[in-house]
2 protein chains.
Amino acid sequence: MIHHGATKQRILDTAERLFGQYGYAAISLRQIIAEAEVNLAAIHYHFGSKEDLLDEVVLRGVTPVNERRLELLEAHEAETGGRPDLDKILEIFLMPMADKASRHPDFVRLMGRLMAEGLLPTIIQKHFQGIAARFSAALARALPDLAPEELAWRIHFMVGAIAQTMCGTPAFAPILGEPAPFHERLRRLSAFLAGGFRAPLPQPEKIEVQL
Amino acid sequence: MIHHGATKQRILDTAERLFGQYGYAAISLRQIIAEAEVNLAAIHYHFGSKEDLLDEVVLRGVTPVNERRLELLEAHEAETGGRPDLDKILEIFLMPMADKASRHPDFVRLMGRLMAEGLLPTIIQKHFQGIAARFSAALARALPDLAPEELAWRIHFMVGAIAQTMCGTPAFAPILGEPAPFHERLRRLSAFLAGGFRAPLPQPEKIEVQL
DNA sequence: GTCTATACTGAGATAGAC
DNA sequence: GTCTATCTCAGTATAGAC
(Lines give C-alpha, C1' and ligand atoms only; values in the text may rest on other atoms or scores of the structure.)
Protein backbone atom coordinates (compact mmCIF):
# COMPACT_ATOMS: atom_id res chain seq x y z
CA MET A 1 0.00 0.00 0.00
CA ILE A 2 3.07 2.24 -0.12
CA HIS A 3 1.66 4.27 -3.05
CA HIS A 4 2.22 1.92 -5.98
CA GLY A 5 -0.96 3.42 -7.36
CA ALA A 6 -2.77 0.80 -5.29
CA THR A 7 -5.05 3.51 -3.91
CA LYS A 8 -6.09 4.70 -7.35
CA GLN A 9 -6.76 1.13 -8.49
CA ARG A 10 -8.88 0.31 -5.47
CA ILE A 11 -10.91 3.47 -5.99
CA LEU A 12 -11.49 2.62 -9.65
CA ASP A 13 -12.47 -0.98 -8.90
CA THR A 14 -14.84 -0.06 -6.09
CA ALA A 15 -16.41 2.78 -8.05
CA GLU A 16 -17.02 0.52 -11.05
CA ARG A 17 -18.70 -2.06 -8.86
CA LEU A 18 -20.89 0.31 -6.87
CA PHE A 19 -21.83 2.57 -9.79
CA GLY A 20 -22.74 -0.49 -11.84
CA GLN A 21 -24.82 -2.10 -9.11
CA TYR A 22 -26.63 0.94 -7.76
CA GLY A 23 -26.17 3.74 -10.29
CA TYR A 24 -23.99 6.83 -10.40
CA ALA A 25 -26.34 9.17 -8.58
CA ALA A 26 -27.22 6.65 -5.89
CA ILE A 27 -23.61 6.12 -4.76
CA SER A 28 -21.81 8.75 -2.72
CA LEU A 29 -18.06 9.22 -2.67
CA ARG A 30 -18.20 8.39 1.02
CA GLN A 31 -19.63 4.95 0.27
CA ILE A 32 -16.81 4.34 -2.18
CA ILE A 33 -14.05 5.37 0.21
CA ALA A 34 -15.55 3.21 2.95
CA GLU A 35 -15.44 0.06 0.83
CA ALA A 36 -12.15 0.89 -0.83
CA GLU A 37 -10.66 1.83 2.55
CA VAL A 38 -9.14 5.08 1.34
CA ASN A 39 -9.50 8.71 2.34
CA LEU A 40 -12.14 10.98 0.88
CA ALA A 41 -9.64 13.52 -0.39
CA ALA A 42 -7.74 10.79 -2.23
CA ILE A 43 -10.53 10.68 -4.79
CA HIS A 44 -10.24 14.36 -5.47
CA TYR A 45 -6.47 14.11 -5.56
CA HIS A 46 -6.44 11.30 -8.14
CA PHE A 47 -9.48 12.18 -10.21
CA GLY A 48 -10.61 15.72 -9.46
CA SER A 49 -14.32 15.14 -9.02
CA LYS A 50 -16.99 12.48 -8.85
CA GLU A 51 -17.78 12.98 -12.52
CA ASP A 52 -14.13 12.69 -13.51
CA LEU A 53 -13.90 9.47 -11.53
CA LEU A 54 -16.80 8.10 -13.51
CA ASP A 55 -15.08 9.21 -16.68
CA GLU A 56 -11.97 7.22 -15.85
CA VAL A 57 -14.00 4.15 -14.95
CA VAL A 58 -15.68 4.35 -18.34
CA LEU A 59 -12.43 4.98 -20.19
CA ARG A 60 -10.67 2.04 -18.58
CA GLY A 61 -13.45 -0.38 -19.34
CA VAL A 62 -14.50 0.76 -22.77
CA THR A 63 -11.10 1.10 -24.40
CA PRO A 64 -10.40 -2.60 -24.97
CA VAL A 65 -14.01 -3.21 -26.03
CA ASN A 66 -13.91 -0.50 -28.66
CA GLU A 67 -10.50 -1.60 -29.90
CA ARG A 68 -11.85 -5.11 -30.39
CA ARG A 69 -14.89 -3.72 -32.19
CA LEU A 70 -12.78 -1.75 -34.65
CA GLU A 71 -10.51 -4.71 -35.22
CA LEU A 72 -13.43 -7.01 -36.05
CA LEU A 73 -15.17 -4.42 -38.20
CA GLU A 74 -12.08 -3.76 -40.27
CA ALA A 75 -11.53 -7.47 -40.75
CA HIS A 76 -15.12 -7.91 -41.91
CA GLU A 77 -14.93 -4.95 -44.28
CA ALA A 78 -11.73 -6.31 -45.77
CA GLU A 79 -13.40 -9.69 -46.29
CA THR A 80 -16.52 -8.33 -47.92
CA GLY A 81 -14.84 -5.61 -49.94
CA GLY A 82 -16.82 -2.54 -48.90
CA ARG A 83 -20.20 -4.24 -48.82
CA PRO A 84 -20.57 -5.32 -45.18
CA ASP A 85 -23.46 -7.41 -43.90
CA LEU A 86 -26.01 -5.87 -41.53
CA ASP A 87 -26.29 -8.86 -39.19
CA LYS A 88 -22.54 -9.14 -39.02
CA ILE A 89 -22.11 -5.45 -38.17
CA LEU A 90 -24.59 -5.74 -35.32
CA GLU A 91 -22.90 -8.88 -34.05
CA ILE A 92 -19.49 -7.21 -34.23
CA PHE A 93 -20.77 -4.23 -32.28
CA LEU A 94 -22.53 -6.23 -29.57
CA MET A 95 -20.36 -9.28 -28.96
CA PRO A 96 -17.25 -7.58 -27.56
CA MET A 97 -19.49 -6.01 -24.92
CA ALA A 98 -21.02 -9.40 -24.18
CA ASP A 99 -17.55 -10.86 -23.70
CA LYS A 100 -16.73 -7.98 -21.38
CA ALA A 101 -19.92 -8.68 -19.47
CA SER A 102 -18.87 -12.22 -18.66
CA ARG A 103 -15.81 -10.87 -16.86
CA HIS A 104 -17.06 -7.46 -15.67
CA PRO A 105 -20.85 -7.52 -15.39
CA ASP A 106 -20.95 -4.42 -13.22
CA PHE A 107 -19.12 -2.38 -15.80
CA VAL A 108 -21.58 -3.35 -18.52
CA ARG A 109 -24.54 -2.50 -16.34
CA LEU A 110 -22.95 0.87 -15.69
CA MET A 111 -22.56 1.47 -19.40
CA GLY A 112 -26.21 0.66 -19.93
CA ARG A 113 -27.23 3.06 -17.19
CA LEU A 114 -25.10 5.85 -18.58
CA MET A 115 -26.28 5.40 -22.15
CA ALA A 116 -29.82 5.57 -20.95
CA GLU A 117 -29.48 8.46 -18.51
CA GLY A 118 -29.50 11.68 -20.47
CA LEU A 119 -27.66 13.02 -17.46
CA LEU A 120 -24.15 12.16 -18.56
CA PRO A 121 -24.29 12.56 -22.32
CA THR A 122 -20.87 14.16 -22.50
CA ILE A 123 -19.05 11.29 -20.88
CA ILE A 124 -20.53 8.60 -23.05
CA GLN A 125 -20.36 10.58 -26.24
CA LYS A 126 -16.71 11.40 -25.74
CA HIS A 127 -15.74 7.75 -25.62
CA PHE A 128 -18.01 6.69 -28.44
CA GLN A 129 -17.97 9.29 -31.14
CA GLY A 130 -15.15 7.63 -33.02
CA ILE A 131 -16.75 4.21 -32.89
CA ALA A 132 -20.17 5.67 -33.68
CA ALA A 133 -18.97 7.34 -36.86
CA ARG A 134 -17.20 4.17 -37.94
CA PHE A 135 -20.20 1.90 -37.41
CA SER A 136 -22.63 4.44 -38.85
CA ALA A 137 -20.61 4.43 -42.06
CA ALA A 138 -20.61 0.64 -42.13
CA LEU A 139 -24.37 0.56 -41.60
CA ALA A 140 -24.85 3.07 -44.39
CA ARG A 141 -22.94 0.79 -46.77
CA ALA A 142 -24.86 -2.26 -45.60
CA LEU A 143 -28.16 -0.46 -46.19
CA PRO A 144 -27.55 1.61 -49.35
CA ASP A 145 -31.25 2.08 -50.03
CA LEU A 146 -31.97 3.73 -46.69
CA ALA A 147 -32.04 7.54 -46.64
CA PRO A 148 -29.30 8.98 -44.37
CA GLU A 149 -31.86 10.69 -42.19
CA GLU A 150 -33.87 7.52 -41.72
CA LEU A 151 -30.68 5.62 -40.95
CA ALA A 152 -29.72 8.20 -38.33
CA TRP A 153 -33.06 7.78 -36.61
CA ARG A 154 -32.82 4.01 -36.66
CA ILE A 155 -29.37 4.20 -35.11
CA HIS A 156 -30.91 6.38 -32.44
CA PHE A 157 -33.59 3.77 -31.76
CA MET A 158 -30.91 1.09 -31.66
CA VAL A 159 -28.96 2.95 -29.01
CA GLY A 160 -32.01 3.02 -26.79
CA ALA A 161 -32.65 -0.68 -27.18
CA ILE A 162 -29.01 -1.51 -26.49
CA ALA A 163 -28.93 0.66 -23.39
CA GLN A 164 -32.07 -0.95 -22.05
CA THR A 165 -30.63 -4.39 -22.66
CA MET A 166 -27.32 -3.65 -21.01
CA CYS A 167 -28.74 -2.40 -17.75
CA GLY A 168 -30.96 -5.41 -18.01
CA THR A 169 -33.91 -4.49 -15.83
CA PRO A 170 -36.89 -6.02 -17.60
CA ALA A 171 -39.34 -3.44 -16.34
CA PHE A 172 -42.21 -4.31 -18.63
CA ALA A 173 -41.46 -7.98 -19.07
CA PRO A 174 -42.34 -9.70 -15.81
CA ILE A 175 -42.54 -12.99 -17.69
CA LEU A 176 -38.77 -13.14 -17.83
CA GLY A 177 -37.42 -15.48 -15.22
CA GLU A 178 -33.74 -15.72 -14.33
CA PRO A 179 -31.31 -13.18 -15.73
CA ALA A 180 -30.43 -14.71 -19.09
CA PRO A 181 -26.78 -14.96 -20.04
CA PHE A 182 -25.54 -11.88 -21.81
CA HIS A 183 -24.67 -13.57 -25.06
CA GLU A 184 -28.19 -14.88 -25.43
CA ARG A 185 -29.70 -11.50 -24.69
CA LEU A 186 -27.55 -9.88 -27.32
CA ARG A 187 -28.37 -12.51 -29.94
CA ARG A 188 -32.03 -11.78 -29.40
CA LEU A 189 -31.36 -8.06 -29.53
CA SER A 190 -29.31 -8.45 -32.69
CA ALA A 191 -32.15 -10.18 -34.50
CA PHE A 192 -34.63 -7.53 -33.35
CA LEU A 193 -32.41 -4.68 -34.49
CA ALA A 194 -31.76 -6.27 -37.87
CA GLY A 195 -35.50 -6.49 -38.38
CA GLY A 196 -35.85 -2.85 -37.44
CA PHE A 197 -33.15 -1.69 -39.81
CA ARG A 198 -34.67 -3.69 -42.66
CA ALA A 199 -38.22 -2.51 -41.96
CA PRO A 200 -40.12 -0.82 -44.80
CA LEU A 201 -40.13 2.98 -44.65
CA PRO A 202 -42.76 4.66 -42.49
CA GLN A 203 -45.79 6.05 -44.26
CA PRO A 204 -45.73 9.80 -44.89
CA GLU A 205 -47.75 11.89 -42.45
CA LYS A 206 -51.42 11.12 -42.47
CA ILE A 207 -53.89 13.96 -42.91
CA GLU A 208 -56.40 12.79 -40.34
CA VAL A 209 -55.70 13.71 -36.74
CA GLN A 210 -58.03 11.11 -35.33
CA LEU A 211 -56.66 7.60 -35.02
CA MET B 1 -52.85 33.39 -4.28
CA ILE B 2 -55.31 32.99 -1.42
CA HIS B 3 -54.72 29.25 -1.34
CA HIS B 4 -57.05 27.93 -4.01
CA GLY B 5 -54.46 25.23 -4.39
CA ALA B 6 -52.58 27.72 -6.52
CA THR B 7 -49.39 26.90 -4.65
CA LYS B 8 -49.67 23.20 -5.32
CA GLN B 9 -50.38 23.82 -8.99
CA ARG B 10 -47.45 26.16 -9.42
CA ILE B 11 -45.14 23.63 -7.80
CA LEU B 12 -46.37 20.87 -10.09
CA ASP B 13 -46.08 22.99 -13.23
CA THR B 14 -42.62 24.26 -12.39
CA ALA B 15 -41.36 20.83 -11.38
CA GLU B 16 -42.65 19.29 -14.61
CA ARG B 17 -40.91 21.94 -16.66
CA LEU B 18 -37.57 21.86 -14.85
CA PHE B 19 -37.41 18.08 -14.41
CA GLY B 20 -38.24 17.64 -18.08
CA GLN B 21 -35.68 20.13 -19.30
CA TYR B 22 -32.77 19.30 -17.01
CA GLY B 23 -33.53 15.95 -15.41
CA TYR B 24 -34.76 14.92 -11.98
CA ALA B 25 -31.35 14.65 -10.33
CA ALA B 26 -30.08 17.91 -11.81
CA ILE B 27 -32.88 20.04 -10.35
CA SER B 28 -32.95 20.91 -6.66
CA LEU B 29 -36.09 21.70 -4.71
CA ARG B 30 -34.65 25.14 -4.09
CA GLN B 31 -34.55 25.83 -7.82
CA ILE B 32 -38.18 24.82 -8.08
CA ILE B 33 -39.37 27.02 -5.21
CA ALA B 34 -37.42 29.97 -6.61
CA GLU B 35 -39.17 29.82 -9.99
CA ALA B 36 -42.53 28.88 -8.55
CA GLU B 37 -42.19 31.61 -5.91
CA VAL B 38 -43.27 29.40 -3.05
CA ASN B 39 -41.72 28.34 0.23
CA LEU B 40 -39.46 25.31 0.52
CA ALA B 41 -41.56 23.62 3.15
CA ALA B 42 -44.66 23.95 0.98
CA ILE B 43 -43.29 21.15 -1.20
CA HIS B 44 -43.00 18.83 1.76
CA TYR B 45 -46.38 19.87 3.03
CA HIS B 46 -48.13 19.11 -0.26
CA PHE B 47 -46.06 16.17 -1.49
CA GLY B 48 -43.91 14.80 1.30
CA SER B 49 -40.60 14.48 -0.53
CA LYS B 50 -38.85 15.23 -3.80
CA GLU B 51 -39.56 11.73 -5.06
CA ASP B 52 -43.24 11.99 -4.17
CA LEU B 53 -43.39 15.30 -6.02
CA LEU B 54 -42.03 13.56 -9.10
CA ASP B 55 -44.59 10.83 -8.63
CA GLU B 56 -47.45 13.31 -8.69
CA VAL B 57 -46.04 15.04 -11.75
CA VAL B 58 -45.94 11.69 -13.53
CA LEU B 59 -49.40 10.68 -12.35
CA ARG B 60 -50.99 13.94 -13.46
CA GLY B 61 -49.47 13.77 -16.92
CA VAL B 62 -49.72 10.09 -17.66
CA THR B 63 -53.29 9.44 -16.57
CA PRO B 64 -55.06 10.99 -19.58
CA VAL B 65 -52.51 9.49 -21.98
CA ASN B 66 -53.03 5.98 -20.66
CA GLU B 67 -56.79 6.39 -20.61
CA ARG B 68 -56.69 7.38 -24.26
CA ARG B 69 -54.45 4.42 -25.05
CA LEU B 70 -56.80 1.94 -23.44
CA GLU B 71 -59.80 3.51 -25.16
CA LEU B 72 -58.16 3.23 -28.59
CA LEU B 73 -56.90 -0.29 -27.97
CA GLU B 74 -60.28 -1.54 -26.89
CA ALA B 75 -61.89 0.02 -29.93
CA HIS B 76 -59.36 -1.64 -32.21
CA GLU B 77 -59.77 -5.00 -30.55
CA ALA B 78 -63.52 -4.74 -30.89
CA GLU B 79 -63.15 -3.95 -34.61
CA THR B 80 -60.75 -6.76 -35.38
CA GLY B 81 -62.36 -9.37 -33.20
CA GLY B 82 -59.45 -10.50 -31.07
CA ARG B 83 -56.88 -10.48 -33.85
CA PRO B 84 -55.31 -7.01 -33.54
CA ASP B 85 -52.79 -5.65 -36.03
CA LEU B 86 -49.17 -5.08 -34.94
CA ASP B 87 -48.72 -1.73 -36.67
CA LYS B 88 -51.99 -0.49 -35.28
CA ILE B 89 -51.08 -1.53 -31.73
CA LEU B 90 -47.80 0.35 -31.94
CA GLU B 91 -49.54 3.40 -33.36
CA ILE B 92 -52.15 3.30 -30.62
CA PHE B 93 -49.48 3.09 -27.96
CA LEU B 94 -47.33 5.89 -29.35
CA MET B 95 -49.72 8.46 -30.76
CA PRO B 96 -51.42 9.57 -27.53
CA MET B 97 -47.97 10.41 -26.17
CA ALA B 98 -47.17 12.32 -29.36
CA ASP B 99 -50.36 14.33 -28.93
CA LYS B 100 -49.38 15.02 -25.35
CA ALA B 101 -45.95 16.15 -26.53
CA SER B 102 -47.42 18.83 -28.75
CA ARG B 103 -48.99 20.45 -25.69
CA HIS B 104 -46.55 19.41 -22.94
CA PRO B 105 -43.13 18.69 -24.47
CA ASP B 106 -41.35 18.92 -21.13
CA PHE B 107 -43.53 16.23 -19.64
CA VAL B 108 -42.78 13.83 -22.45
CA ARG B 109 -39.06 14.46 -22.18
CA LEU B 110 -39.35 13.74 -18.49
CA MET B 111 -41.09 10.46 -19.18
CA GLY B 112 -38.33 9.48 -21.57
CA ARG B 113 -35.69 10.29 -18.99
CA LEU B 114 -37.46 8.31 -16.30
CA MET B 115 -38.04 5.28 -18.49
CA ALA B 116 -34.39 5.27 -19.38
CA GLU B 117 -32.93 5.95 -15.94
CA GLY B 118 -32.94 2.73 -14.00
CA LEU B 119 -32.95 5.07 -11.02
CA LEU B 120 -36.68 5.49 -10.68
CA PRO B 121 -38.04 2.12 -11.77
CA THR B 122 -40.70 2.06 -9.09
CA ILE B 123 -42.36 5.28 -10.11
CA ILE B 124 -42.63 4.42 -13.78
CA GLN B 125 -43.61 0.83 -13.22
CA LYS B 126 -46.37 1.79 -10.85
CA HIS B 127 -48.09 3.94 -13.45
CA PHE B 128 -47.53 1.53 -16.31
CA GLN B 129 -48.06 -1.98 -15.13
CA GLY B 130 -51.73 -2.00 -16.04
CA ILE B 131 -51.12 -0.59 -19.51
CA ALA B 132 -48.10 -2.83 -20.01
CA ALA B 133 -50.06 -5.99 -19.30
CA ARG B 134 -52.86 -4.88 -21.59
CA PHE B 135 -50.58 -4.06 -24.53
CA SER B 136 -48.43 -7.14 -23.97
CA ALA B 137 -51.51 -9.29 -24.33
CA ALA B 138 -52.50 -7.47 -27.51
CA LEU B 139 -49.03 -7.92 -28.96
CA ALA B 140 -49.13 -11.62 -28.11
CA ARG B 141 -52.36 -11.97 -30.07
CA ALA B 142 -50.97 -9.97 -32.98
CA LEU B 143 -47.88 -12.19 -33.07
CA PRO B 144 -49.21 -15.68 -32.28
CA ASP B 145 -46.13 -17.44 -33.67
CA LEU B 146 -43.70 -15.66 -31.36
CA ALA B 147 -42.67 -17.54 -28.23
CA PRO B 148 -43.74 -15.69 -25.05
CA GLU B 149 -40.16 -15.39 -23.89
CA GLU B 150 -39.02 -13.91 -27.18
CA LEU B 151 -41.96 -11.53 -27.14
CA ALA B 152 -41.05 -10.38 -23.63
CA TRP B 153 -37.53 -9.59 -24.73
CA ARG B 154 -38.70 -7.71 -27.78
CA ILE B 155 -41.01 -5.63 -25.62
CA HIS B 156 -38.02 -4.91 -23.44
CA PHE B 157 -36.06 -3.71 -26.48
CA MET B 158 -39.02 -1.62 -27.54
CA VAL B 159 -39.15 0.16 -24.20
CA GLY B 160 -35.53 1.18 -24.60
CA ALA B 161 -36.08 2.53 -28.08
CA ILE B 162 -39.18 4.44 -27.00
CA ALA B 163 -37.42 5.95 -24.00
CA GLN B 164 -34.51 7.07 -26.14
CA THR B 165 -36.89 8.64 -28.63
CA MET B 166 -38.90 10.49 -26.01
CA CYS B 167 -35.98 12.21 -24.36
CA GLY B 168 -34.90 12.88 -27.90
CA THR B 169 -31.20 13.52 -27.57
CA PRO B 170 -29.74 12.04 -30.74
CA ALA B 171 -26.44 11.13 -29.14
CA PHE B 172 -25.12 8.96 -31.93
CA ALA B 173 -26.90 10.63 -34.80
CA PRO B 174 -25.22 13.98 -35.36
CA ILE B 175 -26.61 13.99 -38.88
CA LEU B 176 -30.00 14.92 -37.52
CA GLY B 177 -30.66 18.58 -37.93
CA GLU B 178 -33.53 20.40 -36.30
CA PRO B 179 -35.62 18.63 -33.67
CA ALA B 180 -38.18 16.79 -35.76
CA PRO B 181 -41.83 17.06 -34.80
CA PHE B 182 -42.86 14.37 -32.41
CA HIS B 183 -45.41 12.74 -34.67
CA GLU B 184 -42.81 12.21 -37.35
CA ARG B 185 -40.34 10.73 -34.91
CA LEU B 186 -42.91 8.30 -33.64
CA ARG B 187 -43.96 7.23 -37.11
CA ARG B 188 -40.36 6.37 -37.87
CA LEU B 189 -40.06 4.59 -34.55
CA SER B 190 -43.26 2.69 -35.18
CA ALA B 191 -41.96 1.32 -38.48
CA PHE B 192 -38.66 0.35 -36.88
CA LEU B 193 -40.34 -1.47 -34.03
CA ALA B 194 -42.73 -3.32 -36.31
CA GLY B 195 -39.71 -4.58 -38.25
CA GLY B 196 -38.10 -5.70 -35.03
CA PHE B 197 -41.17 -7.57 -33.82
CA ARG B 198 -41.51 -9.31 -37.17
CA ALA B 199 -37.84 -10.23 -37.41
CA PRO B 200 -36.93 -13.89 -37.86
CA LEU B 201 -35.92 -15.66 -34.67
CA PRO B 202 -32.30 -15.38 -33.57
CA GLN B 203 -30.04 -18.30 -34.33
CA PRO B 204 -29.42 -20.69 -31.41
CA GLU B 205 -26.12 -20.21 -29.61
CA LYS B 206 -23.10 -20.79 -31.77
CA ILE B 207 -20.41 -23.16 -30.57
CA GLU B 208 -17.43 -21.08 -31.62
CA VAL B 209 -16.31 -18.37 -29.22
CA GLN B 210 -14.32 -16.51 -31.80
CA LEU B 211 -16.27 -14.23 -34.06
C1' DG C 1 -55.65 23.57 6.60
C1' DT C 2 -51.79 26.45 4.48
C1' DC C 3 -47.77 28.29 4.60
C1' DT C 4 -43.18 30.35 6.77
C1' DA C 5 -38.79 30.37 9.25
C1' DT C 6 -35.21 27.85 10.74
C1' DA C 7 -32.36 24.05 11.91
C1' DC C 8 -30.41 19.29 10.96
C1' DT C 9 -27.83 15.72 8.36
C1' DG C 10 -25.17 14.25 4.62
C1' DA C 11 -23.47 15.33 -0.07
C1' DG C 12 -19.27 17.05 -3.12
C1' DA C 13 -15.45 20.07 -3.04
C1' DT C 14 -11.23 22.61 -1.28
C1' DA C 15 -7.07 24.26 1.56
C1' DG C 16 -3.37 23.30 3.91
C1' DA C 17 -0.60 20.45 7.36
C1' DC C 18 2.23 16.40 7.30
C1' DG D 1 0.73 11.32 -1.77
C1' DT D 2 -2.14 11.36 2.10
C1' DC D 3 -5.19 13.05 5.62
C1' DT D 4 -7.85 16.53 8.66
C1' DA D 5 -10.77 20.29 8.82
C1' DT D 6 -13.94 23.05 6.72
C1' DC D 7 -17.05 25.19 3.13
C1' DT D 8 -21.31 25.24 0.49
C1' DC D 9 -25.39 23.27 -0.90
C1' DA D 10 -28.52 19.42 -1.17
C1' DG D 11 -32.98 17.05 0.88
C1' DT D 12 -35.44 16.73 5.07
C1' DA D 13 -37.87 17.69 9.60
C1' DT D 14 -40.15 20.53 12.89
C1' DA D 15 -42.31 24.52 15.36
C1' DG D 16 -45.34 27.78 14.95
C1' DA D 17 -47.82 32.00 12.44
C1' DC D 18 -52.11 32.84 10.02
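Throughout, protein chains are lettered first and strands after them, A, B, ... in sequence-line order, and every chain is numbered starting at 1.
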Colleague: Using the test side-chain hydrogen bond (donor to acceptor under 3.5 Å, both in side chains), find all partners of A:Ser49 that sit at least two apart in sequence or belong to another chain.
Modeller: A:Asp52
Colleague: The side chain of B:Tyr45 is closest to which nucleotide in this list: D:dT2, C:dT14, C:dC3?
Modeller: C:dC3
Colleague: Send over the distance from B:Asn39 CG to D:dG16 P, rounded to a whole Å.
Modeller: 17 Å
Colleague: Tabulate protein N/O versus nucleotide N/O from nucleotides 10-13 of chain C, keeping only pairs under 3.5 Å, one per line.
Modeller:
residue, atom, partner, partner atom, Å
C:dG12, OP1, A:Leu29, N, 3.1
C:dG12, OP1, A:Lys50, NZ, 3.4
C:dG12, OP2, A:Leu29, N, 2.8
C:dG12, N7, A:Arg30, NH1, 2.6
C:dG12, N7, A:Arg30, NH2, 3.2
C:dG12, O6, A:Arg30, NH2, 3.1
C:dA13, OP2, A:His44, NE2, 3.0
C:dA13, OP2, A:Lys50, N, 2.9

Colleague: Among residues at least two apart in sequence or on other chains, which ones pass side-chain hydrogen bond (donor to acceptor under 3.5 Å, both in side chains) with A:Glu67?
Modeller: none
Colleague: Quick check against the 3.5 Å criterion: does A:Arg154 have a side-chain atom that pairs as donor or acceptor with the backbone of A:Gly196?
Modeller: yes
Colleague: Tell me the interatomic distance from B:Ile11, atom CD1, to C:dT2, atom P, rounded to whole angstroms.
Modeller: 12 Å
Colleague: What's the CD1-P distance between B:Ile43 and C:dT4, to the nearest Å?
Modeller: 12 Å
Colleague: Grab the CD1-P distance between B:Ile33 and D:dT12 for me, whole Å please.
Modeller: 13 Å
Colleague: Please enumerate all residues that pass salt bridge (charged side-chain N to carboxylate O under 4.0 Å, His left out) together with A:Asp106, with sequence neighbours excluded.
Modeller: none
Colleague: Got a sec, which pairs hit salt bridge (charged side-chain N to carboxylate O under 4.0 Å, His left out) with one end in residues 38-50 of chain B, sequence neighbours left out?
Modeller: none
Colleague: B:Phe47 has an atom CZ; how far is it from atom P of C:dC3, in whole Å?
Modeller: 10 Å
Colleague: Going by side-chain hydrogen bond (donor to acceptor under 3.5 Å, both in side chains), name the residues that satisfy it together with A:Glu56, two or more places apart in sequence or in a different chain.
Modeller: none
Colleague: What's the NE2-C1' distance between A:His46 and D:dC3, to the nearest Å?
Modeller: 12 Å
Colleague: Any base atoms under 4.0 Å from A:Ala42, or only sugar-phosphate, or nothing? Heavy atoms, all strands.
Modeller: nothing
Colleague: How many Å lie between OH on B:Tyr24 and P on D:dA10, as a whole number?
Modeller: 14 Å
